[in-house]
Amino acid sequence: MIKLMIASLFKGARGSALAALATVVFLVAVPANAAVKIQEVVSPGGIKAWLVEDYTVPLVSMKFAFKGGSSQDPEGKGGLAKLMTGLFDEGAGDLDRDAFQDALDVSGAEMGFSAGIDEITGSMTWLAEREDEAVRLLTMAVNEPRFDDEPVARMKSQFLTSLVAEERDPNTLAGRQWRQEIYGDHAYARDSDGTKESMAGLTADDLRAFHRDQFAQGNLIVAAVGAISAEKLGQRLDQIFGALPEEANLSDVPDLEPKFGHTVHYEYPLPQTRLSLLYPGIEREDPRFFAAYLANHILGGGSFSSRLYDEVREKRGLAYGVGSNLSNLDHTSTWGIGTATSADRAAETLGIIREEVRKVAEEGVTEDELEAAKSFVVGAYAIANFDSSASIAGTVLGLQLAGLPIDYIDTREATIRAVTLDEVNEEAARLLSVEPSLLVVGPPLATAANDNAEKGAASSDDGDTIRQAPAGASGEGAAGADTGEVGSKPSTGKPGETTGSD
């Protein structure tokens, strides 16, 4: 019956077919409480991958990452990683753009690439019965992207149009000022989208050189889920990745301690004011991570159940949404809080957020709050991360990117249950007692809010610096490190906890 359903699905368009098939997988393949058994596979050529075998439906999802990402964009060539990832399905090997797209449609497979700050990710989902053709196309895309003149010019034009539009977006403009203030001259302060000038100057030769430097076996991480054996996966790994250089040519990116106690005010006549606060975070491999993670869930990461949501939205109706997140990048970790509220009530909203942070830092959370947070964080994990082969592949890839053990899914619940109230409150006090950096996007705050926002400035080493970014500045959105999903590496799109969503 399932085979008949799949056959009928693939009579339609490729995209809608795979979307429908994902629903089939959700319904019949991966119950929320299903055990996920991960095995390590080493190809005959020595390429490693983590595999979850599942023959419930004849589908394979592969996700992979090359460490590097947009932080490797050369000086003056911002946007290079992003431009490159938009071109892998625009021709490869002996197939030009039209021929490659036609072959991809006929194969029934779905392929995608994206550029994050710390890695370039790719994915391919295919039907087992059409595996040979799907893998052939992926192999060509990984090893022999063409970067022909017409697709490069067209893609650059699209990105340039977006960059022009971003110059009128106050949140985008504020984001650049914010990153420069917080990250200084670090690679994380750069615009991953580039600028109009850098994007216009990029060439096919730049793309080819960047591809050679970034795509190698030594910085490759692979996850696969579905109807494929360990032996077959090993063969496919060598076919797809075996011809790549052994080592990547990556620039050194140092670890970074963001600046705290600074204020960036991007003054703009908006009806809403955006508020972002940035505190120190915690590295994913730190044994205290889950103590901080649970504290964050109680403060603002738990959506409808969090203290911030209750105080800001439910009790006062000051914002549609408010939340906090732990964000982990390869070279820095932060704890951010963000919301948007009516400009005339921004002062009040900021004061309430600061007061709730103070309570958690100084008074701690309760045993009841901690037990409720543990139950939610444990129970929601499977539902969020195991609802399809693609989501499982993303979770398994995230485990590897975070450097977590292969049995992490099996041990995760026990680790969370073992966290004590004292540990949670100690981490909350340690991280939230630091004077945060603050980003305000909108009209001037009321005097009371300014007094509140600047509280503690006199005691900071170099004082708060109120900066009003000039109109016409350019840069990315202000999301940056402070508005991603809980525990995520926001630029990558990977789900929360760097191992899946909670």
Below 30° counts as parallel, above 60° as perpendicular, anything between as tilted: where do the rings of F64 and F66 land?
perpendicular
What is the distance from atom CD of Q214 to atom CG of N219, rounded to the nearest 0.5 Å?
7.0 Å
Does S71 reach the main-chain N or O of I117 with its side chain, forming a donor-acceptor pair under 3.5 Å?
yes
One should read off an interatomic distance between R417 CZ and S375 OG, to the nearest 0.5 angstrom, of 4.5 Å
With no hydrogens and no angle check, do the side chains of S391 and N385 hold a donor and an acceptor under 3.5 Å apart?
no
Cationic N near anionic O, under 4.0 Å, R97 to D89:
no
Tell me whether Q217 contacts the main-chain N or O of I47 through its side chain, where contact means a donor paired with an acceptor under 3.5 Å.
no
Backbone N or O of G194 within a donor-acceptor pair of the S198 side chain at under 3.5 Å?
no
Hey, are K196 and E167 close enough for a salt bridge, meaning a charged N less than 4.0 Å from a carboxylate O?
yes
Electrostatic pair E133-R130, nearest N-O below 4.0 angstrom:
no
Would you find more than 12 non-hydrogen atoms of other residues, nucleotides or ligands less than 6.0 Å from Q39 atom CD?
yes
Lys/Arg-Asp/Glu bridge criterion (N-O < 4.0 Å) met for E53, K37:
no
In plain terms, say whether R146 and D96 are close enough for a salt bridge, that is, a side-chain N and a carboxylate O under 4.0 Å apart.
no
Do S192 and S70 meet the criterion of a side-chain donor-acceptor pair at a distance under 3.5 Å?
no
Donor-acceptor pair, distance only, cut-off 3.5 Å: does the side chain of S324 make one with the backbone of L299?
no
Indicate whether the side chain of N325 and that of W335 have a donor and an acceptor atom separated by less than 3.5 Å.
no
Does the cation-pi check pass for R412 over Y381, that is, NZ or CZ under 6.0 Å from the six-membered ring centre and within 45° of its axis?
yes
Would you say the side chains of S114 and T85 form a donor-acceptor pair under 3.5 Å?
no
Are D330 and Y188 close enough that a side-chain donor and a side-chain acceptor fall under 3.5 Å?
no
Drop me the distance from F147's CZ to L202's CG, to the nearest 0.5 angstrom.
11.5 Å
Nearest-0.5 Å distance that lies between atom NE2 in H211 and atom CG in L80
12.0 Å
For F290 and Y293, take the angle between the two ring planes, folded into 0 to 90°, and tell me which bin it lands in: parallel under 30, tilted 30 to 60, perpendicular over 60.
perpendicular
S437 side-chain N/O to H262 backbone N/O, donor-acceptor pair under 3.5 Å
yes
Could you check whether any side-chain N or O of N328 sits under 3.5 Å from a backbone N or O of I282, counting only pairs where one atom can act as donor and the other as acceptor?
yes
Quick one: pull up CG in D193 and CE in M199 and give me the separation to the nearest 0.5 Å.
7.0 Å
Under the side chain to side chain donor-acceptor pair (under 3.5 Å) test, residues paired with D407 that sit two or more places apart:
none
Is any NZ, NE, NH1 or NH2 atom of the basic residue among D191 and R176 found under 4.0 Å from an Asp or Glu carboxylate oxygen of the other?
yes
